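What you see below is based on every heavy atom in this structure, not just the backbone, and it leaves out hydrogens, waters and symmetry mates. To find a chain, count down the sequence lines: A is the first, B the second, and so on, and within it residues start at 1. Model, not experiment: these values are computed from the prediction.
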Protein chains: 2
Amino acid sequence: MQSGMEWSAQLRRGTLELCVLGMIRHGQVYGYELASRLARWEALAVSEGTLYPLLRRLSNEGLIEASWQPSPAGPVRKYYRLRPEGEQWLERMEAEWHRLTDSVAEVLGERSE
Amino acid sequence: MQSGMEWSAQLRRGTLELCVLGMIRHGQVYGYELASRLARWEALAVSEGTLYPLLRRLSNEGLIEASWQPSPAGPVRKYYRLRPEGEQWLERMEAEWHRLTDSVAEVLGERSE
DNA sequence: ACCGTGTACCTTGTGCTACACAGTAGCTAA
DNA sequence: TTAGCTACTGTGTAGCACAAGGTACACGGT
């Protein structure tokens, strides 16, 4: 067993939650679609076994809500929609995310004082 | 016990490693100093119980190396210095970090297509 | 019509690992 | 002694990877 999960997997922590909420914000989407959209960016690609438990957790926390809707071609789809609580939470997350990235940028581009 | 570690704690994952290496790059520093410097940014503040195990891990992986040096006033200090392997690793981490932040920016600022 | 295969779609369980938190301990100076 | 500086340790938490499992629809062959 190799020493260690990819470091990038650690980096992704928390980020996935932010991205999923950010994607759902623009309109309802279903799980498989989310996975496909995220896969466009190599750095954000996740397996379904990572995504679906997250969606369930967000549902349990009342940040999103799901509804079954027929598919034009294929099995029934579970569409997720952002709830007001989720919207507020998303705004706080975005603010926190920017605080973090700004701080890291300062550390990395640090002028030694 | 409250349900849930702060979300920001999840976000920090992996980030700390990047910041520590980034700080050590500019010259040798000791653990306590690192903790103090990181604490300047609220988003990056970590307890010593988080920092020291990380420093040990980075040492074991050969990315940094430590040496004891006396303090002008106080206990002996353990100074850390970046090794060549650490420098290469840091560059890869920075690239990965930028890939991630760029991707997240696209997702959040996404024009729904 | 029936059957098999592929694909879209959702679910579950186990293990790993970094971080939080709280505690321990020694050394120096006032 | 007190107080601050400095390093270390142990336990718990929680999300992500990985690897399966399972259902429903579409399509081709017969």
For Arg25(A), side chain to side chain contact (heavy atoms under 4.5 Å, CB included) partners two or more places apart = Leu82(A), Leu90(A), Glu94(A), Leu108(B)

Donor-acceptor pairs under 3.5 angstrom involving side-chain atoms of residues 42-52 of chain B: please list them, not counting sequence neighbours.
{"residue": "Ser47(B)", "atom": "OG", "partner": "Thr50(B)", "partner atom": "OG1", "Å": "3.4"}
{"residue": "Tyr52(B)", "atom": "OH", "partner": "Tyr32(B)", "partner atom": "N", "Å": "3.4"}

For Ser67(A), the side chain to side chain donor-acceptor pair (under 3.5 Å) test, sequence neighbours excluded, returns Gln69(A)

Near-strand residues of residues 44-59 of chain B, defined as heavy-atom separation under 4.0 angstrom from DNA chain D = Glu48(B), Gly49(B), Tyr52(B), Pro53(B), Arg56(B)

Mind checking what makes side chain to side chain contact (heavy atoms under 4.5 Å, CB included) contact with Arg77(A), not counting sequence neighbours?
-> Tyr30(A), Ser71(A), Pro72(A), Tyr79(A)

Of dA7(D), dC10(C), dT17(C), the nucleotide closest to the side chain of Arg13(B) is dT17(C)

Taking atom P of dA17(D) as reference, at what distance in whole Å does atom CG of Leu38(A) sit?
-> 11 Å

Identify the pairs formed between an N or O of the protein and an N or O of nucleotides 27-30 of chain C at a distance under 3.5 Å, and give each distance.
none

Using side chain to side chain contact (heavy atoms under 4.5 Å, CB included) as the criterion, list what pairs up with Glu85(A), not counting sequence neighbours.
-> Leu63(A), Arg83(A)

Which of these nucleotides, dA20(C), dC16(D), dC10(C), is closest to any side-chain atom of Trp68(A)?
-> dC10(C)

Side-chain donor-acceptor pair under 3.5 Å between Glu106(A) and Trp41(B), yes or no?
-> yes

What residues form a side chain to side chain donor-acceptor pair (under 3.5 Å) with Glu91(B), not counting sequence neighbours?
-> none

Set of side chain to side chain contact (heavy atoms under 4.5 Å, CB included) partners for Arg56(A), sequence neighbours left out | Asn60(A)

